[in-house]
Each structure stands twice: as structure tokens, then as C-alpha cells.
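As the structure is a computational prediction, the values presented were derived from the model and not from experiment.
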Amino acid sequence: MSAQAQMRALLDQLMGTARDGDETRQRVKFTDDRVCKSHLLDCCPHDILAGTRMDLGDCSKIHDLALRADYEIASKDRDLFFELDAVDHLESFIADCDRRTELAKKRLAETQEEISAEVAAKAEKVHELNEEIGKLLAKAEQLGAEGNVDEAQKVLQEVEKVRSRKREAEEEYRNSMPASSFQQQKLRVCEVCSAYLGLHDNDRRLADHFGGKLHLGFIQIREKLEQLKKTVSEKQEKRNQERLKRREEREREEKMKRRSRSRERRRRRSRSSSRERRRSRTRSRDRERKRRHRSRSRSKGRRRSPRDRSRDRSSKHKSSRDRSSRDRSRDRDRKEKSSSERRQESMNGKSESRRSEEREAGEI
């Protein structure tokens with residue numbers, strides 16, 4: 001890549017698709033399904049393993065550093081959950097790699113001679129020490145390239161210790177194997193990148209393998225996959241908590257609504273019951289009044305009690321006595337009147353007789 005192309009890629013990575021006003025580049029958004037989500041998260045195996053023995057070629061989806069910049073800017077404001085797509089992509093790739101590793105192991109088991117479990121354990125120990133030496137050498141080279149000479153010297157001292165342990169393990173393995181079989185190259189499949197490792201590989205070969213781009217690329221992919229899984233689980237847990245919180249809020253609101261409805265129903269019931277009680281009171285009063293009226297009318301129609309009859313007799317007797325007294329007084333008045341009238345008449349008769357006598361006397 002030329003210096004101008006590198007500068008253009010750097011500007012795209014920093015400023016996104018809108019850095020120079022090119023509308024054709026803005027037609028494809030980073031949310032488009034044609035865009036590689038693993039590339040946006042900087043973990044696409046096509047980019048990581050490019051130029052290695054397992055170069056996968058160009059990705060079938062769009063790779064653009066400007067779109068990655070757009071995604072990084074947009075992900076600051078909202079969560080897009082592109083990690084799910086990236087996890088699916090990387091899991092399928094790692095699954096294919098693990099299948100190739102298992103096939104390579106089966107192939108080696110078919111081609112190499114069968115050895116006892118004790119000899120296999122000693123050979124496995126030699127392989128483990130070889131891996132440790134290779135990793136330490138790769139680390140020392142990286143530290144030396146970064147300028148940490150002291151740290152690189154310490155790592156090389158550890159390499160010498162591991163080499164001494166490796167020589168002892170090789171001696172034990174050599175003593176347990178016949179001379180003819182020991183000279184045969186024993187291979188092993190790398191669990192990370194499925195490459196073949198020899199039991200008698202020198203330190204340079206081991207350092208090249210464990211510090212090479214292929215092995216480190218697979219380590220990067222596997223670490224990125226674990227990181228994405230952790231991120232996805234955290235985001236899912238957070239989303240579940242938010243959903244649970246929203247559900248609790250909805251349930252609380254529904255509960256409050258139900259309570260308000262029940263209160264309103266109770267109020268209505270109490271009002272209706274109070275109205276019904278008032279109506280029942282009025283009806284009972286009306287019934288009581290009617291009953292009293294009927295009882296009065298019946299009491300009038302029924303025979304009176306002895307007490308009432310005695311009262312009636314006494315009142316009748318009293319009224320008869322009053323009438324008799326009144327009659328006596330009337331008779332007395334009549335008698336007195338008749339006696340007075342008779343006296344008056346007698347007096348009038350006497351006066352008339354006198355007058356007649358005087359008239360007769362005068363005539364004489």
C-alpha cells in the first residue's frame with residue numbers, strides 16, 4: 001500500500017465516510033446487512049489472517065475503515081448490539097478450525113506408530129516444554145523490538161531454565177524408546193492454530209511458530225471471541241434487568257390501576273348500598289305506616305275490649321245521669337214556671353174580679 005493510500009485509510013478511519021463529501025460512499029451505511037459486522041469490531045478473520053498460510057482471501061461482505069469510524073461514533077450514543085453478529089461469525093470460524101485440528105490428530109494417529117501410555121506422557125511433556133520455550137522466545141523478541149532490553153534478558157534467562165528441563169525430559173523419553181523409534185519425527189497438532197509441531201524442532205522453529213502471525217492471529221481471534229461473549233452476556237444481563245424493571249413498573253402501574261378500580265367499585269357499591277338502605281328505610285317506613293293504618297282500621301272494626309266496654313258503660317251511665325239531671329232541672333223549671341203562671345193567673349183573676357166588683361159597685 002502506498003503512502004497516499006495509507007493516509008487515505010487513516011483519514012477514513014478517523015473521520016468516517018463524510019470526510020470529503022463523497023455522496024457515493026454515504027449510500028452504504030454501516031447498519032447495512034452487506035457490511036461485515038466483524039470488520040466494524042476489528043475482529044474479522046479475513047483481516048487478521050491476511051498474508052499467512054491460512055489466508056482466507058477477501059471477505060464476502062463490505063470492509064471499509066470509514067464505516068468502522070461511523071460505527072464507533074454512533075455506538076457512543078446508543079447500543080447497536082453488533083456483537084451478536086460478530087460472535088456468530090467467529091464461533092463458526094473457530095468451530096471449523098477445531099474440526100480441522102481433530103482431523104489432523106486422527107490422521108497423525110493413523111500414520112504414526114502406537115506407543116505406550118507412559119511413553120506418550122513423556123512425549124507430551126517434551127511437547128509442552130517446546131511450546132513454553134517458543135512462547136518465551138516470541139515474548140523476548142517482542143520486548144526487544146519495543147526496546148525493553150532488561151525484560152527481554154530476564155525472559156531469555158527463563159528460556160535457559162526451560163531448556164535444561166527440556167533436555168532432562170528428552171533424556172527420559174529417549175531412554176524409554178528404542179533407538180530406531182526415537183529418531184522418527186514425532187508430530188503434534190497445535191491446539192490454537194492446528195499447525196504441526198515436531199518433537200525435535202529447534203528453538204528457532206518454535207519461536208517462529210509461536211511468535212508468527214498465524215498463531216498470534218488465532219490467539220487474537222479466540223481472545224476476541226471470549227471478550228465478545230462476555231460483552232454480549234453483560235449486555236443481555238443489563239437488557240434483562242431493564243426489561244425486568246420495566247415489567248415491574250408496568251405491573252406496579254397495573255396494580256395501582258386495579259386498586260383504583262377496586263376503590264371506585266367499592267365507592268360505587270357503598271353509594272348503591274347507601275341508596276338501597278335509604279330506599280329500604282323509606283319502604284319500611286311506608287310499610288309501617290300502612291301497617292299502623294290497617295291496624296287502626298281493624299281496631300275500629302273489631303269488638304272493643306271489656307275495659308273499653310266498661311269505659312263506654314261508665315260514659316253512657318254518666319251521660320244518662322247527665323240527661324236525667326237535665327230532665328229534672330227542666331221539669332223543675334216547667335213546674336216552677338207553671339206555678340208562677342198559675343199564681344199570676346190567680347192574681348190576674350183576683351184583680352179582674354175586684355175590677356168587676358168595683359164596676360158593679362160604681363154602677364150601683
Side-chain angles (χ1 to χ4, degrees), residues 38 43-60 86-139 162-163 165-229:
S38 301
C43 60
C44 184
H46 294 266
D47 294 336
I48 296 173
L49 301 178
T52 63
R53 180 175 57 84
M54 292 184 62
D55 192 344
L56 302 174
D58 296 333
C59 184
S60 59
V87 165
D88 294 338
H89 185 196
L90 295 183
E91 280 184 344
S92 63
F93 176 76
I94 294 297
D96 292 338
C97 181
D98 292 340
R99 281 195 294 272
R100 287 195 299 269
T101 302
E102 294 299 326
L103 289 174
K105 288 181 178 179
K106 289 181 180 179
R107 195 177 298 115
L108 285 178
E110 292 174 356
T111 56
Q112 292 186 354
E113 295 180 0
E114 292 292 335
I115 56 177
S116 63
E118 182 181 359
V119 176
K122 293 180 180 179
E124 184 69 20
K125 186 176 181 180
V126 175
H127 279 296
E128 289 176 358
L129 293 173
N130 282 336
E131 289 184 6
E132 188 175 356
I133 290 171
K135 292 177 182 178
L136 290 173
L137 289 175
K139 184 178 179 181
V162 176
R163 282 174 179 169
R165 289 161 50 195
K166 177 188 173 182
R167 284 193 292 270
E168 294 176 358
E170 285 180 344
E171 187 68 24
E172 293 179 359
Y173 175 68
R174 184 182 295 109
N175 294 332
S176 61
M177 290 284 292
S180 58
S181 298
F182 180 76
Q183 297 299 328
Q184 184 180 1
Q185 179 73 0
K186 297 294 181 180
L187 297 178
R188 185 188 178 193
V189 180
C190 180
E191 299 290 341
V192 177
C193 61
S194 68
Y196 290 105
L197 297 175
L199 183 65
H200 306 298
D201 287 342
N202 55 22
D203 296 342
R204 183 70 265 166
R205 168 75 173 82
L206 296 173
D208 291 340
H209 172 76
F210 290 104
K213 187 177 180 180
L214 179 64
H215 188 82
L216 295 178
F218 271 96
I219 291 176
Q220 181 182 351
I221 292 171
R222 292 178 184 274
E223 289 178 353
K224 189 69 175 179
L225 177 60
E226 295 299 325
Q227 182 182 353
L228 289 175
K229 285 181 178 180

Straight-line distance of [X] [atom1] to [Y] [atom2], nearest 0.5 Å:
| X | Y | atom1 | atom2 | value |
| --- | --- | --- | --- | --- |
| E168 | L129 | CD | CG | 9.5 Å |
| E191 | F218 | CD | CZ | 12.5 Å |
| D55 | I48 | CG | CD1 | 12.5 Å |
| R100 | K105 | CZ | NZ | 14.0 Å |
| M54 | L56 | CE | CG | 6.5 Å |

Original post:
Which residues pass the side-chain contact (heavy atoms from CB on, under 4.5 Å) test with A104, sequence neighbours left out?
Top reply: R107, V189, Y196
Subject >> Contacts of type ring pair (Phe, Tyr, Trp, His ring centres under 6.0 Å), residue H89, not counting sequence neighbours >> reply: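 Once residues adjacent in sequence are excluded, H89 has no partner under the ring pair (Phe, Tyr, Trp, His ring centres under 6.0 Å) criterion.
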Please name the pair of heavy atoms, one in [X] and one in [Y], separated by the smallest distance, quoted to 0.1 Å.
| X | Y | answer |
| --- | --- | --- |
| A86 | S38 | CA-OG, 3.6 Å |
| C43 | L90 | O-CD2, 3.2 Å |
| L49 | F93 | CD1-CZ, 3.4 Å |
| V87 | L225 | O-CD1, 4.0 Å |

Under the salt bridge (Lys or Arg N to Asp or Glu O under 4.0 Å) rule, collect the residues that match up with [X], sequence neighbours excluded.
| X | value |
| --- | --- |
| D47 | none |
| D98 | R222 |
| K213 | none |
| E91 | K229 |

Original post:
Checking side-chain contact (heavy atoms from CB on, under 4.5 Å) for the pair E223/E226: CA distance, chi angles, key distance, verdict?
Top reply: CA-CA 5 Å; E223 289 178 353; E226 295 299 325; 5.8 Å; no
Original post:
Any side-chain heavy atom of C193 sitting closer than 4.5 Å to one from H209?
Top reply: yes
Subject >> Candidate list R165, E128, K166, test side chain to side chain contact (heavy atoms under 4.5 Å, CB included), partner I133, passing option >> reply: K166
Original post:
Are the side chain of T101 and the backbone N or O of C97 linked by a donor-acceptor pair below 3.5 Å?
Top reply: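 Yes, because the side chain of T101 sits within donor-acceptor range (under 3.5 Å) of the backbone of C97.
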Original post:
Can you tell me if NZ on K139 sees more than 12 non-hydrogen neighbours from other groups inside 6.0 Å?
Top reply: no
